[in-house]
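So the structure is just underneath, and the comments pick up after that.
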Amino acid sequence: MKNQYRVHAALFLVTLIYAGTYSLAKDLMPVYMEPFGIVTLRVLGASIFFAVAKQLAAPHDKIRGRADNLRALFCGISGIGFNQLLFFSGLNYTSPISASLLQTISPIVVVVASAVLLREKITLFRLLGILVGAGGAAALILSRPAQAAIYPHATLGNIYILLNATFFGLYLVLVAPLMRKYHPFTVLGRIFLVGALVAVPFGWREALATDYAHFPPKIWAEVFYMVFFLTILAYLLNNWALKYASPALLGVYIYLQPVLAVLIAVALGKDTLTWDKAGQAVLIFVGVWLVSKKPKRAPARDAVLEAQE
């Protein structure tokens, strides 16, 4: 029973960390830092942390074989490199609520990727869910935001977020076998190293050009939040919780993240919830719920929330 409470606490904390990111990142971008500069700090910080943690926790564990090494390479490219570059670029252009809602389609991408890569069966419910969720996402992407003057490039930002969710869903399918076979720090150390090699060339100039000397304490706190809480702590808690949490429980927290993100964004004055967005959210949620209905356990979906951003 005590362990069950800890699992809920871990998943809720991770969900809260993710939900707060959509609004807090708006304080950083683009006034104090550009998107790729944030990504550079984040992946470099996480790469160093997980490299050290791997040497301390599993010094002799090593990813072996050509297939597993290629899988880890693709995980780093899709799940860390492209994923982070697209996420912060998209969030820079669109609103926090739109971004958080589009992120929830990752389970739909997982189902589609599993059908293509693992030949899992797509049932009628899943097919209907894919269509409904895609309809909601398309409506959200193409809709004109209420704050059009604030987000003139919202459509482009929404497309970036959709691509980010797609890469993240593909990553979840690819990384699940590695997480079951190797120590988590071994996998995370490798994929963050690859992700850094992908992301840093895009963002090192922005990171070096940032005027850190004029950061107020609030902005320094938010940079620390992005590097430590959003990346390192969230990954650690997720990996621990996945050992004990059921897929059904993970599904609950998929829906909770955009709800918290909306509440935080509205409370901080970063965004407003309109009836259009509420309707689009319902379509996406229904789509995710339908694709989550399956006749038997599917291994690729056990890691739907293994890691985010």
Side-chain angles (χ1 to χ4, degrees), residues 18 21 34-91 103 106 109-110 113-114 116-118 160-161 163-208 226-239 242 300 303-309:
Y18 293 151
T21 300
E34 294 296 327
F36 291 175
I38 298 175
V39 173
T40 297
L41 294 184
R42 187 182 174 191
V43 297
L44 282 179
S47 297
I48 294 171
F49 176 88
F50 286 121
V52 173
K54 190 268 179 189
Q55 292 302 318
L56 295 175
H60 303 297
D61 192 33
K62 184 179 180 180
I63 296 177
R64 303 181 183 279
R66 183 173 181 271
D68 284 355
N69 276 285
L70 284 176
R71 183 180 291 269
L73 177 65
F74 289 133
C75 285
I77 293 173
S78 63
I80 307 299
F82 289 167
N83 176 39
Q84 294 306 315
L85 292 171
L86 287 167
F87 175 76
F88 281 95
S89 294
L91 187 56
Q103 276 288 316
S106 289
V109 177
V110 169
S114 297
V116 175
L117 299 177
L118 305 179
Y160 283 160
I161 294 294
L163 290 173
N164 153 249
T166 301
F167 276 112
F168 176 63
L170 178 62
Y171 159 76
L172 291 175
V173 176
L174 293 172
V175 80
L178 296 177
M179 286 297 186
R180 291 193 295 266
K181 190 173 181 179
Y182 302 100
H183 192 284
F185 285 157
T186 301
V187 180
L188 292 174
R190 174 66 65 84
I191 64 176
F192 267 99
L193 174 61
V194 174
L197 293 176
V198 173
V200 170
F202 288 93
W204 69 270
R205 289 184 179 86
E206 293 183 0
L208 291 178
M226 296 295 167
V227 176
F228 180 76
F229 287 97
L230 179 60
T231 311
I232 296 170
L233 184 60
Y235 271 81
L236 289 175
L237 290 176
N238 252 334
N239 278 289
L242 281 169
V304 165
L305 289 186
E306 181 184 324
Q308 293 200 12
E309 307 343 343

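Keep in mind that the numbers below use all heavy atoms, side chains included, and drop hydrogens, waters and symmetry copies.
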Over 12 non-hydrogen atoms of neighbours within 6.0 angstrom of CZ in Phe228: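 More than 12 within 6.0 Å, yes.
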
Would you find a donor on one side and an acceptor on the other, under 3.5 Å apart, between the side chain of [X] and the backbone of [Y]?
| X | Y | value |
| --- | --- | --- |
| Thr186 | Lys62 | no |
| Asn164 | Tyr160 | no |
| Arg71 | Leu174 | yes |
| Lys54 | Asp61 | yes |
| Tyr182 | Arg64 | yes |
| Glu34 | Glu206 | no |

I need the minimum non-hydrogen distance between [X] and [Y], along with the two atoms involved.
| X | Y | result |
| --- | --- | --- |
| Phe192 | Val43 | CD2-O, 4.3 Å |
| Thr231 | Ala46 | CG2-CB, 3.3 Å |
| Ile63 | Ala72 | CD1-CB, 4.0 Å |
| Asn83 | Ser78 | CB-O, 3.1 Å |

Rounded at 0.5 Å granularity, tell me how far CZ in Phe88 sits from CE in Met226.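 CE of Met226 is found 5.5 Å from CZ of Phe88.
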
Parallel, tilted or perpendicular: ring planes of Phe185 versus Phe49, cut at 30 and 60 degrees: perpendicular

